[in-house]
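Excluded from the calculations below are hydrogen atoms, water molecules and symmetry mates; all remaining heavy atoms, backbone and side chain alike, are included. Every chain is numbered from 1, with letters handed out A, B, ... down the list of sequences.
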Amino acid sequence: MLVSEIMLQQTPVVRVLPVWEEWLRRWPEPAALAREPAGEAVRAWGRLGYPRRALRLHGAAVAIERDHGGTVPSDYAELLGLPGVGSYTAAAVAAFAFGRRETVVDTNIRRVHARLFSGAALPAPALTAAEMRLAAELLPSDAAGSVRWNASVMELGALVCTARAPKCPACPVRDRCAWLAAGEPPPAYTPKGQAWHGTDRQVRGGVMAVLRLADAPVPAEMFQQAPADLGFEAAGIGVPLAALHRLNCAPEQLERALAGLLEDGLAELHQGGYRLPA
DNA sequence: TAAGCGTGGAT
DNA sequence: TATCCAAGCTT
């Protein structure tokens with residue numbers, strides 16, 4: 001549950017599933033993961049995105065070994081203390097893995113509540129105290145019922161009350177939906193999408209793709225070298241041309257990306273090259 | 001509080 | 001092709 005919840009942060013379930021299965025096959029318990037270098041977690045993360053989640057999940061395994069006797073804690077506050085575990089993930093694990101009564105609020109639940117009770121097409125950009133109060137009031141008082149409630153509202157949001165094209169005719173609570181009653185008004189604001197092309201983020205992603213493939217430290221100049229100058233497999237590091245080709249950017253941008261990855265602990269310098277953390 | 005952080009499928 | 005956006009967290 002903990003592994004899946006962290007993988008599911010901002011990532012669709014269909015992409016998480018195969019990685020999650022491989023992850024649990026390889027590391028069936030926290031101790032197994034904690035024994036590995038953090039870089040192995042990052043490598044096994046594959047292309048799920050936001051690779052520092054892998055680093056934090058590894059950190060969580062280490063903390064569970066060190067502070068919790070190797071067992072994932074069932075208490076919300078203790079879960080919240082683990083790296084990479086915020087209010088949503090702590091509540092979700094406590095509720096779905098341990099049957100606790102917790103107020104689970106994710107983006108799906110926020111959207112369902114916004115439409116049903118506020119009549120808004122989308123929830124506010126950031127989670128508010130009022131939303132938490134509402135969710136807490138709606139939660140059934142018994143533990144078992146609360147778990148079912150949390151899962152149900154989340155699924156309603158994920159499958160029916162979706163962000164883009166909600167399936168209102170199939171909605172079990174369409175007759176009491178404030179947004180539907182108001183004639184499905186458009187969102188009060190337009191969420192600004194994240195830029196990608198030409199951003200540092202894109203370069204970071206490209207560097208990480210190279211480091212995941214490399215079986216030896218990658219010299220800095222290798223990132224900059226013209227692809228035509230390289231063999232199909234960049235000499236000695238096992239990185240295909242295609243991976244390096246993505247890194248065609250301004251030198252200062254590459255420098256920023258590499259510095260950021262070092263700062264975040266996603267990469268380290270070793271023998272004059274960059275590699276995943278050992 | 002707001003910005004930064006990956007990725008790829010759907011529209 | 002460009003935009004949207006998916007079970008958030010950290011600083």
Is there a side-chain contact (heavy atoms from CB on, under 4.5 Å) between Tyr274(A) and Leu269(A)? Walk through the geometry before answering.
CA-CA 5 Å; Tyr274(A) 291 87; Leu269(A) 278 168; 3.7 Å; yes

For Arg26(A), look at atom CZ and say whether over 12 heavy atoms of other residues, nucleotides or ligands are found less than 6.0 Å away.
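Enclosed.
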
Under 4.0 Å, heavy atoms only, any strand: does [X] hit a base, just the sugar-phosphate, or nothing?
{"X": "Pro51(A)", "value": "sugar-phosphate"}
{"X": "Val85(A)", "value": "sugar-phosphate"}
{"X": "Ser4(A)", "value": "nothing"}
{"X": "Ala163(A)", "value": "sugar-phosphate"}
{"X": "Gly49(A)", "value": "base"}
{"X": "Ile109(A)", "value": "nothing"}

Of the candidate nucleotides [options], which contains the atom at the shortest distance from the side chain of [X]?
{"X": "Asp200(A)", "options": "dG6(B), dA6(C), dC5(B)", "result": "dC5(B)"}
{"X": "Glu155(A)", "options": "dG8(B), dC9(C), dA7(C)", "result": "dA7(C)"}
{"X": "Arg212(A)", "options": "dA6(C), dT7(B), dG6(B)", "result": "dT7(B)"}
{"X": "Thr107(A)", "options": "dG8(C), dG6(B), dC9(C)", "result": "dG8(C)"}
{"X": "Arg164(A)", "options": "dG6(B), dC9(C), dC5(C)", "result": "dC5(C)"}

Could you tell me how far apart [X] ([atom1]) and [N] ([atom2]) are, to the nearest whole angstrom?
{"X": "Gln194(A)", "N": "dA2(B)", "atom1": "CD", "atom2": "C1'", "value": "13 Å"}
{"X": "Arg204(A)", "N": "dA3(B)", "atom1": "CZ", "atom2": "P", "value": "18 Å"}
{"X": "Leu266(A)", "N": "dC5(B)", "atom1": "CG", "atom2": "C1'", "value": "10 Å"}
{"X": "Leu122(A)", "N": "dC4(C)", "atom1": "CG", "atom2": "P", "value": "12 Å"}
{"X": "Met132(A)", "N": "dG8(C)", "atom1": "CE", "atom2": "P", "value": "14 Å"}
{"X": "Trp196(A)", "N": "dG4(B)", "atom1": "CH2", "atom2": "C1'", "value": "12 Å"}
{"X": "Tyr88(A)", "N": "dA7(C)", "atom1": "OH", "atom2": "C1'", "value": "4 Å"}
{"X": "Glu131(A)", "N": "dG8(C)", "atom1": "CD", "atom2": "C1'", "value": "14 Å"}

[N], OP1 or OP2 - any side-chain N/O from [X] closer than 4.0 Å?
{"X": "Gln10(A)", "N": "dG8(C)", "result": "yes"}
{"X": "Arg15(A)", "N": "dA6(C)", "result": "no"}
{"X": "Arg52(A)", "N": "dC9(C)", "result": "no"}

Give the residues of residues 251-265 of chain A touching DNA chain C, defined as any heavy atom closer than 4.0 Å, sorted by residue number.
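The stretch gives none, as no residue of it lies under 4.0 Å from the strand.
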
Asp106(A) side-chain N/O to Met154(A) backbone N/O, donor-acceptor pair under 3.5 Å
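No, the answer is negative, given that no donor and acceptor are paired below the 3.5 Å cut-off.
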
Heavy-atom donor-acceptor pair, Trp20(A) side chain to Leu24(A) backbone, under 3.5 Å
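No: the side chain of Trp20(A) does not pair with the backbone of Leu24(A).
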
Run the side-chain contact (heavy atoms from CB on, under 4.5 Å) check on Arg101(A) and Asp142(A) step by step: do they pass?
CA-CA 7 Å; Arg101(A) 182 178 182 275; Asp142(A) 65 304; over 6 Å; no

Apply side-chain contact (heavy atoms from CB on, under 4.5 Å) to the pair Trp149(A) and Leu139(A), showing each step before the final yes or no.
CA-CA 7 Å; Trp149(A) 175 261; Leu139(A) 198 65; 3.8 Å; yes

Return whichever of Pro12(A) or Arg56(A) has its heavy-atom-nearest nucleotide of DNA chain C closer to the 5' end.
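Nearest-nucleotide comparison on DNA chain C picks Pro12(A).
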
Could you check whether Gln10(A) and Arg53(A), counting side-chain N and O atoms only, form a donor-acceptor pair closer than 3.5 Å?
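Judged by distance alone, the side chains do not pair up.
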
Gap in Å between the two [atom1] atoms, one belonging to [N] and one to [M], rounded:
{"N": "dC9(C)", "M": "dG8(B)", "atom1": "P", "value": "23 Å"}
{"N": "dA7(C)", "M": "dA3(B)", "atom1": "C1'", "value": "22 Å"}
{"N": "dT1(B)", "M": "dG8(C)", "atom1": "C1'", "value": "16 Å"}

Taking the side chain as every heavy atom from C-beta outward, state whether Pro172(A) and Leu156(A) have any pair of such atoms under 4.5 Å apart.
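Side-chain contact under 4.5 Å: yes.
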
Test for a donor-acceptor pair under 3.5 Å between the base of dG8(C) and the side chain of Ser87(A), counting only N and O atoms.
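No.
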
Going through the checks in order, is the side-chain contact (heavy atoms from CB on, under 4.5 Å) test met by Arg204(A) and Leu261(A)?
CA-CA 7 Å; Arg204(A) 283 173 60 110; Leu261(A) 291 173; 3.7 Å; yes

